[in-house]
Amino acid sequence: NAGVMQNPRHLVRRRGQEARLRCSPMKGHSHVYWYRQLPEEGLKFMVYLQKENIIDESGMPKERFSAEFPKEGPSILRIQQVVRGDSAAYFCASLQGANTEAFFGQGTRLTVV
Amino acid sequence: AQTVTQSQPEMSVQEAETVTLSCTYDTSESDYYLFWYKQPPSRQMILVIRQEAYKQQNATENRFSVNFQKAAKSFSLKISDSQLGDAAMYFCASTRMGSARQLTFGSGTQLTVLP
């Protein structure tokens with residue numbers, strides 16, 4: 001049973017480009033969380049999704065950021081028109097159910113140049 | 001809302017010795033979980049230990065144990081017989097029970113293990 005898979009591991013984008021980060025949860029997990037880790041800081045919650053539904057996006061910036069978790073395929077975190085301040089490590093975690101352990105992927109390090 | 005505070009940005013310990021990492025938290029929830037995660041240079045977030053707030057007994061996992069003081073809202077991690085592989089960033093985190101259980105993380109403590 002493969003763990004949570006995130007790709008790419010490293011992503012470099014120029015200012016103004018779009019970044020797409022992918023997260024494949026563990027098999028059987030229907031809950032996905034996205035977190036952002038700025039340098040020298042802890043992880044900050046961004047969004048919580050279940051299949052085809054956004055449950056809580058209170059941690060997402062209001063503009064340029066969006067997330068989805070379709071019925072088939074990975075969860076996608078999309079950042080449009082990236083700026084230097086978006087440079088961070090983005091982590092995905094999946095859970096089987098509400099009161100179960102969260103398993104984290106290895107993260108995607110986004111660098112905006 | 002929940003907040004988690006780690007007041008030690010860096011700690012060091014001699015190999016085979018014991019070290020304690022501090023964490024305090026604040027929450028309005030009556031039922032919640034507390035966690036310690038380890039993040040080595042690979043960046044993988046690894047769950048070290050977890051504690052249910054309703055349990056009075058401190059959680060233990062091999063060389064890792066916690067000192068959970070609910071009234072003081074304190075949740076420290078003790079690492080015994082420290083090993084070189086324990087060197088990592090350690091994050092304390094909390095979440096409420098039930099749905100929408102996003103984790104709230106502290107700012108982390110960088111642990112160095114000296115040979």
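Everything numeric here is computed off the predicted structure, so don't read it as measured data. Reminder, nothing fancy here: chain letters follow the sequence lines and each chain counts from 1.
Taking A:Q37, A:Q50, A:E40 one by one and counting their heavy-atom pairs under 4.5 Å with chain B, the maximum is reached by A:Q37.
Hydrophobic clustering of Ile, Leu, Val, Met, Phe, Trp and Tyr side chains at less than 4.5 Å, counting indirect connections, keeps B:M45 apart from B:V48. A single hydrophobic cluster is seen to contain both A:I54 and A:L77, as judged by linkage of ILVMFWY side chains at heavy-atom distances under 4.5 Å, directly or through other members. Hydrophobic clustering (side-chain heavy atoms under 4.5 Å, transitive across Ile, Leu, Val, Met, Phe, Trp, Tyr) groups B:M89 together with B:L47. A:W34 and A:I76 fall into different hydrophobic clusters, where Ile, Leu, Val, Met, Phe, Trp and Tyr are joined by side-chain heavy atoms under 4.5 Å apart, directly or via other members. Clustering ILVMFWY residues whenever any of their side-chain heavy atoms sit less than 4.5 angstrom apart, transitively, puts B:F105 in the very cluster that holds A:Y48.
At a 4.5 Å heavy-atom cutoff, B:F35 makes no contact with chain A through either its backbone or its side chain. Looking at A:A93, neither its backbone nor its side chain comes within 4.5 Å of chain B, counting heavy atoms on both sides.
Atom CZ of B:R63 is surrounded by more than 12 heavy atoms from other residues, nucleotides or ligands within 6.0 Å. Under a cut-off of 6.0 angstrom, the local environment of CE in A:M60 is crowded, with over 12 non-hydrogen atoms contributed by other residues, nucleotides or ligands.
Atom CZ of B:R43 and atom CD of A:Q106 lie 8.0 Å apart (nearest 0.5 Å). The distance from the OH atom of B:Y33 to the CD atom of A:E101 is 11.0 Å, given to the nearest 0.5 Å. To the nearest 0.5 Å, the span separating CG on A:L43 from CD on B:Q39 amounts to 6.5 Å.
The shortest side-chain heavy-atom distance between B:Q102 and A:Y35 falls under the 4.5 Å cut-off. The shortest distance between side-chain heavy atoms of A:F104 and B:Q44 falls below 4.5 Å.
The backbone N or O of B:L103 lies less than 3.5 Å from no partner atom in the side chain of A:Y33, so there is not a single donor-acceptor pair.
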